[in-house]
Structures are given as C-alpha cells and as structure tokens.
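Let me begin by presenting the structure, written as structure tokens, before commenting on it.
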Amino acid sequence: EFPDGTTELHIEMEAYRKGGRWVNPIRKQSYGSGKEFHFKRALSILWPEIKWHDWSEKQLKLYLNYRIIGQLGAASTGKSFMSSAFVLLDYYCFPTETTVLISSTTRESLEMRVLGELKKLHRKAKERYPWLSGNLIEGRQRIVTDERSAAAEGRDFRQGIVGIAAKRGNNFDGMSEFVGIKAARLRVLCEEVHLMPKTIIDIVSNLNKNPDFKGIFSGNPKDITDA
C-alpha cells in the first residue's frame, strides 16, 4: 500500500528495494511479483524506448542473478545500452549506498561508448523524473549523489558513477584506480576487455570481495579464439 500520489516508478523501485517479494508483518500477506518483474517494469517506465527481445531478456536475468557477467558480441548488439540502463537504475534505487565504476580503454573511448550511452540515458531519465538522484560533472566524467549545494562542506564523490580510463598514454596505468575500492554496493561496467591486459582478472577478484558486487565485462573480439 502506497500513499496517494505515489508514481508508478516509485512503486516499482520500492518493490525492487524490497527484493521483489515481501510480507506485511501485520496482515501476514505477501506482496510483489519478483525482482525481475519489478526491475523490468521500472526500466520500461524510465526508458519506454527499450525494445525487449530474447537478448535483452537474457541480459536482465543474468544481471539480477549473477555477480560477474561476461558479454561477448558484435558491435551494435545492445551491450552498452542495456548494461548502462541496468547499473543506472540500480544506482537510482540505492543512491547513497552505490558506487558504479564505468571503464573503457581511453577517455575518448569512454565518451564515445559506454559513458556516453549512460549519460544519454541519465539525461532522459532526469527530464522525465527530475527527483531522481545524480548530478553530472562533465569535466570529471562523474555523476554524484550529493547536490551542488553540498560543495561548501565538501561533496562526497564515493556514491555515484565514476568514469575510469584504463589506458594512459601507452600503458594501462589507469587500472590501478580499481584496486582497493570499497562500497556498500559496488557495480562495475567495463568495456573493451579484449583489449586490456590479463591483470583485469586480478582486479575483478579484488573487487569481488565487496559483499554486494556486480560486474559486467564486455568485449567485441574479431576472433573469439584469441579472446
């Protein structure tokens, strides 16, 4: 039961926060249609342009039920779009607890691919529902939870979305920024993993020590046998 005036998006997000199903302790009644149902409904409300098909349905199931997900596929198959929508909605539901790391090889690659897709989705979501969390800092490739008014006392940059370029110059020095990150809820969206060194495996192992962790790692290798 929700107060009058509660939006459908509020209801679906709250149902997801409760795990998709919950019991009213007074009435002893169960509510909810499952985590997958409510997360998908919230996605469709936020971005009605999403086209649901076998591939996107499978992406959704994997994201909700596994900690580490690998995506291998050709260009323009929706890897960046759907993954960005998943982590962004996850952040909206828990904005003060969630850190999302978005990575690609270079800053330019970030903007042209996954971070550019995520920012586009964020702008659309905020236009439709201005009360959603997240304030874009364009120059720093970040979306932070704290409002600009908190700047006087120091904004907390730990909750929100952080863009990380793995490559600096000719070396993958940027990958060191992944190491040692702790968060109540940590999400990672890493693209072009087929171009990154094998140390990415050690980094995933380190991040997976966070209690609530999910990572999506996408690649588009020309020859799968070399991936």
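In this text the structure is predicted, and so the values were computed from the model without any measurement.
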Hydrophobic cluster identity match, Met82 and Phe37, side-chain contacts under 4.5 Å: no
Does Glu191 offer a backbone N or O that forms a donor-acceptor pair with the side chain of Ser218 under 3.5 Å? no
Non-neighbouring partners of Lys124 that pass side-chain contact (heavy atoms from CB on, under 4.5 Å), sequence neighbours left out: Trp47, Glu49, Lys120, Arg128
Examine Phe39 and Leu62 and state if one hydrophobic cluster contains both, with Ile, Leu, Val, Met, Phe, Trp and Tyr joined whenever side-chain heavy atoms are less than 4.5 Å apart. yes
Interatomic distance, Cys93 atom SG to Met13 atom CE [nearest 0.5 angstrom]: 4.0 Å
Say whether Thr7 and Trp131, considering side chains only, have a donor N or O and an acceptor N or O under 3.5 Å apart. no
Given 3.5 Å as the limit, does a donor-acceptor pair link the side chain of Thr145 with the main chain of Pro95, or not? yes
Apply ring-ring contact (aromatic ring centres under 6.0 Å, His included) to Phe217 and list each qualifying residue two or more places apart in sequence or on a separate chain. none
The side-chain contact (heavy atoms from CB on, under 4.5 Å) partners of Thr6 (sequence neighbours excluded) come to Phe2, Pro3, His10, Ile11
Kindly write out the residues that satisfy side-chain contact (heavy atoms from CB on, under 4.5 Å) with Asp202, not counting sequence neighbours, or none if the list is empty. none
With sequence neighbours excluded, tell me which residues meet salt bridge (Lys or Arg N to Asp or Glu O under 4.0 Å) with Arg67. none
Out of curiosity, does Ile50 fall in the hydrophobic cluster containing Leu189 (side-chain heavy atoms, cut-off under 4.5 Å, transitive links)? yes
Joining Ile, Leu, Val, Met, Phe, Trp and Tyr whenever any side-chain heavy atoms lie under 4.5 Å apart, the cluster holding Leu195 also takes in none
Side chain proximity check, Val114 to Ser84, heavy atoms < 4.5 angstrom: yes
So Arg187 and Ile161, side chain to side chain contact (heavy atoms under 4.5 Å, CB included) or not? Walk me through it. CA-CA 9 Å; Arg187 303 291 181 262; Ile161 297 164; over 6 Å; no
Ser44 side chain to Arg41 backbone, donor-acceptor under 3.5 Å: no
Other cluster members, Met112 - Ile/Leu/Val/Met/Phe/Trp/Tyr, side-chain contacts below 4.5 Å: none
Can you tell whether the side chains of Lys40 and Glu12 come within less than 4.0 Å, N to carboxylate O? no
Joining Ile, Leu, Val, Met, Phe, Trp and Tyr whenever any side-chain heavy atoms lie under 4.5 Å apart, the cluster holding Tyr31 also takes in Trp22
Looking only at heavy atoms, what is the nearest atom pair of Ile200 and Cys190, with distance? CD1-SG, 4.3 Å
Taking atom CG of Asn24 as the centre, does the number of heavy atoms from other residues, nucleotides or ligands within less than 6.0 Å exceed 12? yes
Close side-chain approach of Leu132 and Leu46, heavy atoms under 4.5 Å: yes
Sequence-distant partners of Lys119, salt bridge (Lys or Arg N to Asp or Glu O under 4.0 Å), two or more places apart: Glu111, Glu138
Tyr66, OH atom: more than 12 neighbouring heavy atoms under 6.0 Å: no
The reported gap from CG in Leu115 to CZ in Arg142 (rounded to nearest 0.5 angstrom) is 11.5 Å
Restricting to ring-ring contact (aromatic ring centres under 6.0 Å, His included), what partner residues turn up for Phe94, sequence neighbours left out? none
Hey, could you give me the CZ/NZ distance between Arg123 and Lys126, rounded to the nearest 0.5 Å? 12.0 Å
Do Ser83 and Tyr63 have side-chain N/O donor and acceptor atoms under 3.5 Å apart? no
I want to check something: taking the side chain as every heavy atom from C-beta on, are Lys182 and Thr99 in contact at a cut-off of under 4.5 Å? no
Strictly below 4.0 Å, N to O, side chains only: are Asp90 and Lys214 in salt-bridge contact? no
Apart from Ile26 itself, what residues make up its hydrophobic cluster, given side-chain heavy atom links below 4.5 Å? none
Begin with the C-alpha distance, continue with both residues' side-chain angles, and end with the deciding distance and a verdict on side chain to side chain contact (heavy atoms under 4.5 Å, CB included) for Tyr92 and Thr98. CA-CA 9 Å; Tyr92 289 152; Thr98 306; over 6 Å; no
Would you mind reporting whether Phe213 and Ile68 have side-chain heavy atoms less than 4.5 Å apart? yes
Report yes if the side chains of Leu60 and Leu43 come closer than 4.5 Å at any heavy-atom pair, otherwise no. yes
Can you check whether Tyr16 reaches Leu64 side chain to side chain, under 4.5 Å on heavy atoms? yes
Between Leu88 and Leu118, what is the shortest heavy-atom contact and its length? CD2-O, 3.8 Å
Ile216 side chain reached by Lys79 side chain, heavy atoms, under 4.5 Å: no
Separation between CD of Glu117 and CG of Leu110, rounded to the nearest 0.5 Å: 13.0 Å
Answer whether the closest heavy-atom distance between the side chains of Met196 and Ile203 falls below 4.5 Å. no
All heavy atoms of Ala183 vs all of Asn210, minimum pair found to be N-OD1, 3.1 Å
Going by salt bridge (Lys or Arg N to Asp or Glu O under 4.0 Å), name the residues that satisfy it together with Arg113, two or more places apart in sequence or in a different chain. Glu192
List the atom of Gly34, the atom of His38, and the distance in Å for their closest heavy-atom pair. O-CD2, 3.1 Å
Nearest-0.5 Å distance, NZ of residue Lys51 to OG of residue Ser56: 11.0 Å
